[in-house]
Amino acid sequence: MSRIFITGSTDGLGLAAARTLMKEGHDVVLHARSRQRASAIAETSATALGIVIGDLASATETRSIAEQVNAIGRMDAVIHNAGIYLERSRGETPDGHAKTLAVNVLAPYLLTAWITRPDRLVYLSSGMHRSGMHRSGSSALDDIDWKKRPWNASQAYSESKLYIATLAAAIALHWPDVFSNAVDPGWVPTKMGGAGAPDDLEMGHLTQTWLAASDAEAAKVSGGYWYHRQRREAAAEVADAGFQDALVEKLAELTGVRLFAERGVRGKSCRLSRVAT
């Protein structure tokens, strides 16, 4: 039995993953953006190990989420499932960031730093991550927060999913004692994907539950990019050491939180305490 925390688990893929893991006998900690959202899944949360409340658009509330999780106890796995799709505008979070960046990238980065380090980390990316680079091939890292460019919701989402896949790969290198992987759930018929989405809804969540809890040797790997339990090749930038380092440095700059204690140390344990600071 594993203890697993899943962000964004009040509906869609997150809720489906939670129910699957609970049915398999695992202890699951759910996450809801608000108490109102939590009340909508009262039947599921009644049999969960716990439910934490907080809005991932806020760094303060994200910190609270991490503290709530840590108070329950160390997790064996964390599935970073929460995400937002096509925002009509850049928006402005309490910390001044673009909402898509804050929820899809900064929040999982901060939770990774603040939650007691688990054995397994799973990050939800998207096939759209391959569109996350400029057509010229140049990086958007210089305007990661969309302060200079005209807002483009689809491009912002694609970039966020490129960044999260890259973060998963960087963690796999820096923390060799952790299985860190990214998952493309496919275009599935959730509230985000829409009723006409063509991919298999069940397979959309079974890859992350498998990576988070399976005893199968095939699931005990790190640094992979997965689609329907098959490894796929991610965009070249995901495995590029220079891009990984530049992204992690940019995220540290934006959040004021450094995930890896030692700069320039790749493929070695940083010998941190179980909670990164």
Side-chain angles (χ1 to χ4, degrees), residues 1-9 13-15 17-22 24-32 48-52 54 56 62-83 104-125 164-183 185 205-226 248 251 255 257-261 267-277:
M1 187 193 308
S2 294
R3 183 181 286 179
I4 301 161
F5 172 52
I6 308 172
T7 65
S9 40
L13 293 173
L15 180 57
R19 286 173 171 165
T20 293
L21 288 166
M22 290 165 67
E24 292 175 355
H26 301 291
D27 286 332
V28 175
V29 176
L30 305 168
H31 160 249
L49 180 61
I51 184 166
V52 302
L56 293 170
T62 298
R63 183 71 191 235
S64 173
I65 291 167
E67 291 172 350
Q68 291 171 64
V69 172
N70 289 336
I72 293 170
R74 180 179 174 269
M75 298 294 119
D76 296 297
V78 175
I79 300 176
H80 292 279
N81 166 83
N104 293 4
V105 185
L106 300 183
Y109 173 84
L110 288 171
L111 290 176
T112 300
W114 289 334
I115 290 176
T116 302
R117 197 185 304 181
D119 297 320
R120 307 188 193 197
L121 288 164
V122 181
Y123 299 86
L124 260 67
S125 183
I164 206 65
T166 303
L167 178 63
I171 290 168
L173 285 172
H174 282 270
W175 293 350
D177 57 331
V178 175
F179 297 138
S180 175
N181 292 279
V183 174
H205 73 271
L206 291 182
T207 304
Q208 45 268 41
T209 60
W210 178 70
L211 288 168
S214 176
D215 284 330
E217 288 304 312
K220 295 179 178 179
V221 295
S222 198
Y225 178 82
W226 297 82
V248 170
L251 297 180
T255 62
V257 174
R258 187 169 295 281
L259 188 58
F260 307 127
K268 296 180 181 179
S269 172
C270 292
R271 301 184 184 276
L272 297 178
S273 63
R274 297 300 291 184
V275 182
T277 54

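Fair warning: this is a prediction, and the values are worked out from it, not measured in the lab.
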With no hydrogens and no angle check, is any side-chain donor or acceptor of H174 less than 3.5 Å from a backbone partner on F260? no

Applying side-chain contact (heavy atoms from CB on, under 4.5 Å), run through D27 and M1 and close with a yes or a no. CA-CA 7 Å; D27 286 332; M1 187 193 308; 3.4 Å; yes

Within the side chain of T7, is there an N or O that forms a donor-acceptor pair under 3.5 Å with the backbone of A82? yes

Side chains of V29 and V52: does their closest heavy-atom pair fall under 4.5 Å? yes

Taking every heavy atom of H80 against every heavy atom of L121, the minimum-distance pair comes out as NE2-CD2, 4.0 Å

What are the two closest heavy atoms between S125 and P185, and how far apart are they? O-CD, 3.5 Å

Just so I know, are the side chains of V122 and V78 near enough to count as touching, which here means a heavy-atom distance under 4.5 Å? no

Salt bridge present between D119 and R3 (N-O < 4.0 angstrom): no

Picking from T62, L111, L56, L251, what satisfies side-chain contact (heavy atoms from CB on, under 4.5 Å) with L106? L251

Answer yes if the side chains of T116 and N70 hold a donor-acceptor pair under 3.5 Å, and no otherwise. yes

Please confirm whether the backbone N or O of L259 pairs with a side-chain atom of Y109, one donor and one acceptor, at under 3.5 Å? yes

Give, for atom CD1 of I171 and atom CG of N181, the distance between the pair rounded to the nearest 0.5 Å. 10.5 Å

Stepwise side-chain contact (heavy atoms from CB on, under 4.5 Å) test for I115 and V69: CA-CA 7 Å; I115 290 176; V69 172; 4.2 Å; yes

I need the M75 CE to I72 CD1 distance, nearest 0.5 Å. 5.5 Å

Can you find a pair of side-chain heavy atoms, one from I164 and one from P108, that are under 4.5 Å apart? yes

Once side chain to side chain donor-acceptor pair (under 3.5 Å) is applied, do any residues pair with N104, and if so which ones, sequence neighbours excluded? S160

Contacts of type side chain to side chain donor-acceptor pair (under 3.5 Å), residue R19, not counting sequence neighbours: T44

Test of understanding: with side-chain contact (heavy atoms from CB on, under 4.5 Å), list the residues that count as partners of E24, not counting sequence neighbours. T20, L21, H26

Supply the atom-to-atom distance L30 CG to I51 CD1, rounded to the nearest 0.5 angstrom. 5.0 Å

Side-chain donor-acceptor pairs of residues 215-224 under 3.5 Å, sequence neighbours excluded:
unit_1 : atom_1 : unit_2 : atom_2 : d
S222   : OG     : V178   : O      : 3.2
S222   : OG     : S180   : N      : 2.8
S222   : OG     : S180   : O      : 3.4

Between I79 and I4, is there a side-chain heavy-atom distance shorter than 4.5 Å? yes

My understanding is that only residues two or more places apart in sequence, or in another chain, count here; which of them pass ring-ring contact (aromatic ring centres under 6.0 Å, His included) with F179? none

Under 3.5 Å: donor-acceptor pair, side chain of S9, backbone of I6: yes

Look at the rings of W226 and W210 and say which category their plane angle falls in: under 30° parallel, 30 to 60° tilted, over 60° perpendicular. perpendicular

List the atom of Q208, the atom of L124, and the distance in Å for their closest heavy-atom pair. NE2-CD2, 3.7 Å

ring-ring contact (aromatic ring centres under 6.0 Å, His included) partners for F5, two or more places apart: none

Separation between CH2 of W175 and CZ of R117, rounded to the nearest 0.5 Å: 4.5 Å

Taking the side chain as C-beta and beyond, is there a heavy-atom pair between I65 and H31 under 4.5 Å? yes

